[in-house]
Number of protein chains: 2
Amino acid sequence: MTELEKGPQGLRRGRGARERILGACRQLFRDQGINRTGMDELCAAAQVSKRTAYQHFAGKDELVAEYLRQFDPDVMPAVFDNTDLSPRERLLAAFELPASGTGELTPMCPYIAAAVELHDPEHPASRYARDYKNAIAARLADTAREAGAANPEQLGEQLALLLDGAAARTRVLNTESFPTAAAIAAVLIDNALPATAGDGAKTTVG
Amino acid sequence: MTELEKGPQGLRRGRGARERILGACRQLFRDQGINRTGMDELCAAAQVSKRTAYQHFAGKDELVAEYLRQFDPDVMPAVFDNTDLSPRERLLAAFELPASGTGELTPMCPYIAAAVELHDPEHPASRYARDYKNAIAARLADTAREAGAANPEQLGEQLALLLDGAAARTRVLNTESFPTAAAIAAVLIDNALPATAGDGAKTTVG
DNA sequence: AGCTATGTACACCGATCGGTACCAGTCTGG
DNA sequence: CCAGACTGGTACCGATCGGTGTACATAGCT
């Protein structure tokens with residue numbers, strides 16, 4: 001499988017087949033879900049023969065896993081690596097990013113969607129979804145620590161839960177729920193950060 | 001379809017076919033998901049012939065919708081109709097109920113799971129999932145109003161988001177997330193209820 | 001007795017699933 | 001020029017999908 005990427009000059013010709021397949025995944029999996037998207041349809045959308053698709057990916061399971069891995073490998077760099085924002089602003093920015101710009105709904109978090117659709121915790125895509133969610137919580141906790149939160153791990157886990165709640169709720173209700181999550185996040189952050197605007201109340205429930 | 005339930009003495013014989021089918025739905029849909037459960041397998045588990053199943057339900061779509069409708073038609077009565085608890089305690093109880101008792105994880109909220117798996121907002125089951133989620137938020141808002149919250153609708157929506165976040169996160173991470181949601185809920189409730197204890201004090205509202 | 005309604009058992013339908021085999025074309029480096 | 005890797009196109013595989021048709025067994029009511 002290593003030759004796939006670093007072949008001396010091997011597959012330089014059909015350049016982009018792999019990317020086209022993953023691009024088709026992003027569109028079709030978002031529009032109609034993973035289970036309802038067949039390999040035939042997917043290959044047709046990618047303008048790639050099934051033969052080629054199965055030469056790049058061992059099977060649909062591996063393709064789904066790779067689709068998730070390619071989705072946001074750096075874990076929201078636009079939020080967490082933005083040095084123009086203070087740590088506190090970065091925490092809040094995580095809730096404003098997804099809903100930015102277009103008037104359409106924030107698409108369902110693909111990691112949650114994959115875990116629910118595949119329904120097997122040991123599926124490679126489910127495993128990666130877990131890793132990604134842990135990574136998000138860790139970055140939130142790091143930023144919370146940087147902001148001076150009393151209990152950064154707890155705040156990170158709480159904010160991560162808000163993100164997932166907004167994603168799930170947006171999908172079920174067909175209504176944007178990230179503003180609600182952002183409002184809760186503001187309260188939690190104010191309560192956890194001592195120097196900022198919050199009052200003295202710090203009821204950290206163990 | 002009216003004769004199905006109220007036939008004078010019609011289907012008294014095979015009593016329970018419908019209930020057995022729905023019971024099999026609850027188990028199989030929870031254990032392996034909706035899409036991965038075929039009608040053959042479902043009928044076998046219910047000890048019902050496919051012919052009978054399709055006499056009770058127009059199709060799998062309608063069966064899934066009915067499965068959701070039967071799940072919690074009264075919208076958590078054990079929480080919201082419990083007169084032994086104060087309104088504030090009822091709001092908190094909504095987060096302790098699902099994880100109670102057994103050592104296993106809280107199962108994924110079937111409404112979210114159905115909406116994600118079916119992936120069609122106009123599917124009858126997706127429509128009902130939306131109705132149910134709105135009903136939960138409404139009951140939470142009513143209870144928040146009863147507890148004297150400044151903005152009960154907002155608090156209800158926030159608490160509903162926490163429930164959904166805990167459900168989604170529990171599923172993805174394979175780790176119980178309701179305690180985290182309960183901790184956030186406690187903060188939100190304390191912040192929204194004026195008369196009650198702002199900090200650790202426990203003066204329950206009358 | 002019949003009659004009707006409901007049930008089971010089981011074969012069967014077309015469609016679609018994930019995945020593979022085969023062939024012909026096309027580009028590559030030697 | 002030619003071997004070989006890689007491609008698209010397409011037919012095909014077995015399995016499973018949701019759903020139906022047919023034949024026969026029970027049950028209750030008249």
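Atoms considered below: every heavy atom in the structure, side chains included; atoms not considered: hydrogens, waters and symmetry mates. Keep in mind that what you see is a predicted model, and the values were worked out from it rather than measured. Per chain, numbering begins at 1; letters A, B, ... match sequence-line order.
- In this structure, A:Gln55 reaches the D:dT7 phosphate: one of its side-chain N or O atoms is under 4.0 Å from OP1 or OP2.
- In this structure, the OH atom of A:Tyr54 is 22 Å from the C1' atom of D:dA5, given to the nearest Å.
- Atom CD of B:Glu41 is separated from atom P of D:dG18 by 10 Å (rounded to the nearest Å).
- No donor-acceptor contact under 3.5 angstrom links the side chains of B:Thr180 and B:Ser177, judged on distance only.
- Taking atom CE of residue A:Met39 and atom P of nucleotide D:dA15, one finds them 20 Å apart after rounding to whole Å.
- Out of C:dG18, D:dG19, C:dG7, the shortest distance to the side chain of B:Lys60 is found at D:dG19.
- B:Arg171 and A:His119 are linked by a side-chain donor-acceptor pair at a separation below 3.5 angstrom, with hydrogens and angles left out of the test.
- Between A:Arg139 and A:Asp81, some side-chain heavy-atom pair lies under the 4.5 Å cut-off.
- Here C:dT16 presents its C1' atom at 15 Å from CG of A:Leu42, a figure rounded to the nearest Å.
- Distance CG (B:Leu63) to C1' (D:dG19): 13 Å, rounded to an integer number of Å.
- Counting to the nearest Å, the C1' atom of D:dT7 and the CZ atom of A:Arg20 are 11 Å from each other.
- Here A:Asp31 does not pair with A:Arg36 in a salt bridge; the nearest charged N to carboxylate O distance is not below 4.0 Å.
- Checking the phosphate oxygens (OP1, OP2) of C:dG7, a side-chain nitrogen or oxygen of B:His56 falls inside 4.0 Å.
- Taking atom NE2 on A:His123 and atom P on C:dG18, their separation rounds to 11 Å, with Å as the unit.
- Going from atom CG of A:Asp61 over to atom P of C:dG19 covers 7 Å, rounded to whole Å.
- Projected onto DNA chain C by closest heavy-atom contact, A:Asp40 and A:Arg51 fall at different nucleotides, the more 5' of which corresponds to A:Asp40.
- Between B:Gln47 and A:Lys50, the residue anchored nearer the 5' end of DNA chain C, judged by the nucleotide with its closest heavy atom, is B:Gln47.
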